[in-house]
Amino acid sequence: QVQLVESGGGLVQAGGSLRLSCAASGRTFSNYATGWFRQAPGKEREFVAALSRSGSNTAYADSVKGRFTISRDNANNTVYLQMNSPKAEDTAVYYCAVRGSGSYYQPSMRSMDYDHWGQGTQVTVSS
């Protein structure tokens with residue numbers, strides 16, 4: 001099993017920056033791809049970014065490409081989401097996730113490919 005704990009959420013002004021962190025425990029974190037998803041009120045959960053276990057392959061939603069960066073520190077079992085120039089429409093609860101099956105070392109945009117999820121952290125962007 002993997003336990004994931006997100007942190008770093010809060011209130012940020014549009015055009016500012018924020019870094020989310022996700023600390024993992026309970027499994028060899030470095031073996032698995034990771035991802036960030038988000039869910040805004042009244043909307044379905046959507047893909048944000050994903051990263052291979054090595055950190056060499058990434059995937060981003062078109063809406064955040066060029067503004068958000070996903071990275072990982074395998075030595076410290078942590079994955080990050082750097083949010084630059086956030087917009088009001090980025091307001092959501094952000095979840096980190098870890099793959100556990102299939103091509104578990106490759107990033108995926110599908111939430112069904114992730115077996116382990118954190119509890120989420122709220123990000124509110126004020127305009």
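- Heavy-atom minimum distance, T78 versus A23: OG1-CA, 4.3 Å.
- Hydrophobic clustering (side-chain heavy atoms under 4.5 Å, transitive across Ile, Leu, Val, Met, Phe, Trp, Tyr) groups Y105 together with W36.
- Counting only heavy atoms from C-beta outward, the side chains of V48 and F68 approach each other to under 4.5 Å.
- Atom CD1 of I70 is separated from atom CE of M83 by 12.5 Å, given to the nearest 0.5 angstrom.
- Scanning all heavy atoms of the two residues, the minimum distance from P107 to A33 falls at N-CB, 3.9 Å.
- Residue pairs meeting the salt bridge (charged side-chain N to carboxylate O under 4.0 Å, His left out) criterion with at least one member in residues 73-98, sequence neighbours excluded: R38-D90, R67-D90.
- Scored by the side-chain contact (heavy atoms from CB on, under 4.5 Å) test, S25 finds Q3 as partners (sequence neighbours excluded).
- Clustering of Ile, Leu, Val, Met, Phe, Trp and Tyr side chains at separations under 4.5 Å places Y114 together with F37, F47, V93, Y95, M109, W117.
- In this structure a side-chain-to-backbone donor-acceptor pair under 3.5 Å is present from S52 to G55.
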Legend entry - V12 vs S17, side-chain contact (heavy atoms from CB on, under 4.5 Å): CA-CA, chis, key distance, verdict: CA-CA 7 Å; V12 60; S17 64; 6.0 Å; no
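- Looking at heavy atoms from C-beta onward, V98 lies in side-chain contact with L4 at the 4.5 angstrom threshold.
- For Y32, the ring-ring contact (aromatic ring centres under 6.0 Å, His included) criterion is met by Y104, not counting sequence neighbours.
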Legend entry - Pair S108-R99, side-chain contact (heavy atoms from CB on, under 4.5 Å): steps then yes or no: CA-CA 9 Å; S108 172; R99 296 195 67 173; 3.6 Å; yes
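- The two atoms that bring G9 and L18 nearest to each other are CA-CD2, 4.3 Å, heavy atoms only.
- In this structure, S127 OG and Q13 CD are separated by 9.5 Å, a value rounded to the nearest 0.5 Å.
- Taking the side chain as every heavy atom from C-beta outward, P86 and V125 approach each other to under 4.5 Å.
- Grouped with M112 in a hydrophobic cluster is no other residue, since no side-chain heavy-atom contact under 4.5 Å to another Ile, Leu, Val, Met, Phe, Trp or Tyr is found.
- N74 and S30 form no side-chain donor-acceptor contact under 3.5 Å, judged by distance and modelled atom types alone.
- When side chains are defined from C-beta on, T34 counts as touching R72, because their heavy atoms get closer than 4.5 Å.
- The side-chain contact (heavy atoms from CB on, under 4.5 Å) test applied to T121 returns E6, L20, Y94, not counting sequence neighbours.
- Annotation: the span from L51 atom CG to Y80 atom OH amounts to 12.5 Å, rounded to 0.5 Å.
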